[in-house]
Colleague: 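Below you'll find the structure I mean.
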Amino acid sequence: MNLFTAIKISAYGLSAERTRLGVAAMNLANADVTKTVDGGPYRPKSVVFSAEPYNKTGQGGGGVSFADRFSQGLDALQVVKVAKIVEDKDPFREVYDPNNPDADQNGMVKLPNVNVMEQMVDIMTASRAYEANVTAINTAKSMALKTLEIGK
């Protein structure tokens, strides 16, 4: 495995974690939205990741023969991708607020079922995973530079 493969795999991780961070931020921003374009309260969303073999992504393998790839074990490498973004199907929270314009005839207002603590944990986890991928990229880059110093 060359160092660029490690950088490419970490780049997939960066992209996936950026998506997770964006979805969690969107959930927090819409935590109190009672009316969306669809008419009802906002439904929180979650990111589903999938692992795909590195070679089936159409990346890597350029200039590497099959025998080299086999001997290097590149078939075992996997990248993370966002498989889909799903909506939470839990029922909405109901709060008694007869003064709210979105209240029903009983004074109940339906609010999104956004758990702020879960969203904060998602944000922190995405941030730590993002940092880990950046560290892996920096380490691969440092290794490449150290390798170039050998030839001096």
Side-chain angles (χ1 to χ4, degrees), residues 1-64 69-70 72-145:
M1 177 170 66
N2 65 34
L3 294 174
F4 293 112
T5 301
I7 292 172
K8 286 179 184 176
I9 290 172
S10 292
Y12 279 101
L14 291 174
S15 176
E17 295 302 334
R18 185 182 59 226
T19 301
R20 180 163 63 162
L21 179 65
V23 168
M26 180 176 58
N27 288 338
L28 280 177
N30 293 299
D32 293 325
V33 172
T34 58
K35 185 128 349 218
T36 61
V37 188
D38 298 333
Y42 173 78
R43 287 219 175 257
K45 296 170 179 55
S46 301
V47 177
V48 177
F49 290 148
S50 68
E52 295 181 10
Y54 178 72
N55 293 331
K56 289 185 179 178
T57 61
Q59 304 294 320
V64 179
R69 185 179 303 158
F70 184 76
Q72 294 172 355
L74 289 179
D75 290 334
L77 297 178
Q78 297 192 351
V79 298
V80 63
K81 286 192 167 185
V82 175
K84 58 184 172 183
I85 297 175
V86 295
E87 282 189 350
D88 186 11
K89 298 296 182 193
D90 288 342
F92 296 115
R93 289 184 297 137
E94 291 191 12
V95 176
Y96 181 71
D97 186 6
N99 296 326
N100 191 317
D102 292 329
D104 61 10
Q105 65 274 9
N106 297 326
M108 300 300 286
V109 177
K110 290 183 179 181
L111 295 170
N113 193 13
V114 175
N115 186 333
V116 174
M117 293 302 290
E118 286 181 8
Q119 299 306 317
M120 290 305 297
V121 168
D122 265 2
I123 288 172
M124 291 172 52
T125 305
S127 174
R128 297 289 182 236
Y130 198 91
E131 288 175 12
N133 281 304
V134 168
T135 300
I137 289 172
N138 285 334
T139 301
K141 190 170 66 176
S142 174
M143 290 172 66
L145 291 174

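Each residue takes its place number in the sequence, starting with 1.
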Colleague: Return the CG to CG distance between Leu21 and Leu14, rounded to the nearest 0.5 Å.
Modeller: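 Between Leu21 CG and Leu14 CG, I get 12.0 Å after rounding to 0.5 Å.
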Colleague: Within the distance-only criterion (no hydrogens, no angle test), does the side chain of Thr139 pair as donor or acceptor with the backbone N or O of Thr135 below 3.5 angstrom?
Modeller: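 Pair found, side chain donor or acceptor close to backbone of Thr135.
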Colleague: With sequence neighbours left out, which residue pairs that include part of residues 16-29 fulfil the side chain to side chain donor-acceptor pair (under 3.5 Å) condition?
Modeller: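 Applying side chain to side chain donor-acceptor pair (under 3.5 Å) to every pair that reaches into residues 16-29, excluding sequence neighbours, yields Glu17-Arg20, Asn27-Tyr42, Asn27-Gln119.
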Colleague: Atom CZ of residue position Phe4 - does it have more than 12 heavy atoms of other residues, nucleotides or ligands inside 6.0 Å?
Modeller: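 Open.
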Colleague: If you compare all heavy atoms of Phe49 against all heavy atoms of Val82, which two are closest, and at what distance to 0.1 Å?
Modeller: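 That would be CE2-CG2, 3.9 Å.
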Colleague: More than 12 non-hydrogen atoms from neighbouring residues, nucleotides or ligands closer than 6.0 Å to CG on Asp97, yes or no?
Modeller: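 More than 12 within 6.0 Å, yes.
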Colleague: Could you tell me whether a side-chain N or O of Asn115 sits under 3.5 Å from a main-chain N or O of Met117, the two making a donor and an acceptor?
Modeller: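 It does hold such a pair.
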Colleague: Supply the atom-to-atom distance Ser46 OG to Lys84 NZ, rounded to the nearest 0.5 angstrom.
Modeller: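 Output value for this atom pair is 11.0 Å.
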Colleague: How many angstroms lie between atom CG of Leu111 and atom CZ of Arg93, to the nearest 0.5 angstrom?
Modeller: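 These two atoms lie 5.0 Å from each other.
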Colleague: Check this for me: Arg128, atom CZ, are more than 12 non-hydrogen atoms of other residues, nucleotides or ligands nearer than 6.0 Å?
Modeller: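 Result for CZ/Arg128: open.
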Colleague: Any sub-3.5 Å donor-acceptor pair from Asn30's side-chain atoms to Val33's backbone N or O?
Modeller: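 Side chain of Asn30 to backbone of Val33: no pair is present.
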Colleague: Grab the two heavy atoms, one from Ala6 and one from Ala140, that are nearest each other, plus how far apart they are.
Modeller: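 Here Ala6 and Ala140 meet closest at CB-CB, 4.5 Å.
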Colleague: Backbone N or O of Asp90 within a donor-acceptor pair of the Asp88 side chain at under 3.5 Å?
Modeller: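 Here the side-chain-to-backbone pair exists.
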Colleague: Quick one: CD1 on Ile7 to CE on Met143, what's the gap to the nearest 0.5 Å?
Modeller: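 One gets 10.0 Å once the value is rounded to the nearest 0.5 Å.
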Colleague: What's the separation between atom CD in Glu94 and atom CG in Asn113, rounded to the nearest 0.5 Å?
Modeller: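 The distance works out to 11.0 Å.
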Colleague: Roughly how far, to the nearest 0.5 Å, is the CG atom of Leu77 from the CD atom of Glu52?
Modeller: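 Between atom CD of Glu52 and atom CG of Leu77 there are 14.0 Å.
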Colleague: Could you tell me if the side chain of Ile123 sits less than 4.5 Å from the side chain of Leu28, heavy atoms only?
Modeller: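 Yes, at least one pair of side-chain atoms sits under 4.5 Å.
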Colleague: Report the C-alpha distance between Ile85 and Val48 in whole Å, list the side-chain angles of each, state the deciding distance to 0.1 Å, and finish with yes or no for side-chain contact (heavy atoms from CB on, under 4.5 Å).
Modeller: CA-CA 6 Å; Ile85 297 175; Val48 177; over 6 Å; no
Colleague: Step by step, would you call Gln78 with Tyr54 a side-chain contact (heavy atoms from CB on, under 4.5 Å)?
Modeller: CA-CA 5 Å; Gln78 297 192 351; Tyr54 178 72; over 6 Å; no
Colleague: Keeping the roles fixed (side chain from Ser142, backbone from Asn138), state whether a donor-acceptor pair exists under 3.5 Å.
Modeller: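 No; zero donor-acceptor contacts below 3.5 Å.
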Colleague: Are the side chain of Lys45 and the backbone N or O of Arg43 linked by a donor-acceptor pair below 3.5 Å?
Modeller: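 It does hold such a pair.
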Colleague: Which atom pair, heavy atoms only, marks the closest approach of Ser10 to Ile137?
Modeller: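 Taking Ser10 first and Ile137 second, the nearest heavy atoms are CB-CG1, 3.4 Å.
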